[in-house]
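This report concerns only the one structure given below.
Sequence lines set the chain letters: A, B, ... in the order given, protein chains first and strands last, and positions in each chain run from 1.
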Number of protein chains: 2
Amino acid sequence: MGEKQDRRIIRTRKEIKQAFISLLEEKSFDSLTVRDLTERANINRGTFYLHYLDKFDLLEKCEEEVFSRILTIFNAAAVIDVLQGEDIAVRLPFFVRIFEYLQEEAAFMKVILGPNGDPSFQEKIRQVFIKNMQDNILTGFNLSSLQVPIDLFTTYVSSAHLGVIQYWLNTGMKESPEEMTSIIFNILMNGPVKASGLITMDRM
Amino acid sequence: MGEKQDRRIIRTRKEIKQAFISLLEEKSFDSLTVRDLTERANINRGTFYLHYLDKFDLLEKCEEEVFSRILTIFNAAAVIDVLQGEDIAVRLPFFVRIFEYLQEEAAFMKVILGPNGDPSFQEKIRQVFIKNMQDNILTGFNLSSLQVPIDLFTTYVSSAHLGVIQYWLNTGMKESPEEMTSIIFNILMNGPVKASGLITMDRM
DNA sequence: ATAATAATCAACACGATGTATATTATCGAA
DNA sequence: TTCGATAATATACATCGTGTTGATTATTAT
């Protein structure tokens, strides 16, 4: 299941994934069958089982790919001093890169975060957002001044951000990754932050 | 499928619903079968089909019940002047009642909004929140001062609120409905509102 | 050109589905 | 309490999707 050198393997998996996305645009994951999948992909049903254990395995593999990419982006960001630079999009390069990646994988992200999507994946992504917030953003604030439980605050913000991402994907991604980053962090910095009683450490 | 006078019908449907919730706490909706359902409910498999077309129909009926109750609460609120009174929980009675109802239906709400839940239902609930915001809250503001697209603002807030509700359900509902209303609206009024450029019409 | 291997095809047992029929148990109302 | 109505049961059935197997064909990399 590891190597992908052979053209036939690459081609088959690509068509399976395309059929998968295409089907998820129409029906729920529960109600789609391996038969549906292979018919749309124009491959033999048996061929599917040469690549995946079942449809759940396919979903998992697709999600895993996205998940590890997002983790990589956030981890790369951790070594950067996020508070340097003037423009918010420059100061928060990982968020710009997240939006760029979402744009790249828009077809899959749209269905997996959509009404026929997977709520457990949604939750996993949210947890990554929360971790990133704690590691790369909240470090610049005095947490002792919080008037709201920290978990409730991170839940609020991460849910809001995920919702905005869904909105962005569903409205055709008209704003650029830089614009989205600015919008989100403008609301974050001037909004829930003050509301929750957070006080910036010093600068700005 | 309409009348429920007969005790046997009431009893059977109640046990099916209980088994449904109980199973959703363990496994995903996709992977549970009608057989699972009827075994746990201690009824004959055929009996299930006397009440529901299939497991999807069961899910739909359960969701419909919750949905109409929430709609009723918001609609009742529409006739009240939400800006009267001093305390935020008094000024926004419909949100308190929403939390009260969620508490009442906690078992089902927890699973249906959880990792094994239904994202399409989640989205429907969010749309109701948005509608309520537009009808009962944003009427008190000058929308022309918005610096962010109105849809993006309502998406942000409704997603955040739904996230907080999920958090509340999953942490054992320690805060009272009144406390939750205060927390949410404190963040809303002092947070995203200012951030988005909203200006209050006059008072406060 | 050739050896390796991916994809196809046909067939299989298995389990869940949805339906139908006859029978039993329980209900509400007189 | 009785009795007609009907909900629940037990059983059987055809259908469909699943996951696997073995033999065959087609495509690949070298």
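- Annotation: cation-pi geometry satisfied between B:Lys124 and B:Phe67 (NZ/CZ under 6.0 angstrom from ring centroid, within 45° of ring axis).
- As a whole-Å value, the separation of B:Phe56 CZ from C:dA16 P is 15 Å.
- Between A:Phe74 and A:Phe129, the ring-plane angle classifies as perpendicular under the 30° and 60° cut-offs.
- With a 6.0 Å radius and a threshold of 12 heavy atoms from other residues, nucleotides or ligands, B:Glu60 has its CD atom at or below the threshold.
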When you compare the protein's N or O atoms with those of nucleotides 21-23 of chain D, which come within less than 3.5 Å of each other, and at what distance?
none

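- For B:Tyr49, the listed nucleotide lying nearest its side chain is C:dG18; candidates were C:dC9, D:dT20, C:dG18.
- Between B:Arg11 atom CZ and C:dT26 atom C1' there is a gap of 10 Å when expressed in whole angstrom units.
- Between B:Phe48 atom CZ and C:dA16 atom P the separation is 15 Å, expressed in whole Å.
- A salt bridge links B:Glu123 to B:Arg126: one of the charged nitrogens lies within less than 4.0 Å of a carboxylate oxygen.
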Within the sub-3.5 Å range, which N or O atoms of nucleotides 24-26 of chain D have a protein N or O partner, and how far apart are they?
none

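- One interatomic measurement links the two molecules: CG of A:Leu50 to P of C:dC9, which rounds to 13 Å at whole-angstrom precision.
- The side chain to side chain donor-acceptor pair (under 3.5 Å) with B:Arg40 is formed by just one residue from the set B:Glu15, B:Glu26, B:Gln18; it is B:Glu26.
- Scanning both residues, B:Asp135 and B:Lys131, for their nearest heavy atoms gives OD2-NZ, 2.5 Å.
- One finds a side-chain N or O of B:Asn44 lying less than 4.0 angstrom from the OP1 or OP2 phosphate oxygen of D:dA10.
- Considering only side-chain N and O atoms, A:His51 lies nowhere under 4.0 angstrom from the phosphate OP1 or OP2 of C:dA6.
- With C:dA7, D:dA8, D:dG19 as the candidates, the nucleotide lying closest to the side chain of A:Val34 is D:dG19.
- Rounded to a whole Å, the CD atom of B:Gln5 is 9 Å from the P atom of D:dT6.
- Looking only at atom types and distance, the side chain of B:Thr38 has no donor-acceptor partner in the side chain of B:Arg45 under 3.5 Å away.
- Of the possible donor and acceptor atoms, one in the side chain of A:Asn170 sits under 3.5 Å from a partner among the backbone N and O of A:Gln166.
- Between A:Arg7 and the phosphate of D:dA29, there is a side-chain N or O to OP1/OP2 separation shorter than 4.0 Å.
- Going from atom CD1 of A:Ile9 over to atom P of C:dA4 covers 16 Å, rounded to whole Å.
- Using a 3.5 Å distance cut-off with no hydrogens or angles, the side chains of A:Thr72 and A:Asn75 do not pair a donor with an acceptor.
- The existence of a salt bridge linking A:Lys55 and B:Asp30 is excluded, since no basic side-chain nitrogen approaches an acidic carboxylate oxygen closer than 4.0 Å.
- In this structure, B:Arg45 atom CZ and D:dA10 atom C1' are separated by 12 Å, rounded to whole Å.
- Across all strands, A:Thr33 comes closer than 4.0 Å only to sugar-phosphate atoms, never to a base (heavy-atom distances).
- In this structure, CD1 of A:Ile10 is placed 11 Å from P of D:dT28, rounded to the nearest angstrom.
- The base of C:dG15 is not paired with the side chain of B:Arg35 by any donor and acceptor separated by under 3.5 Å.
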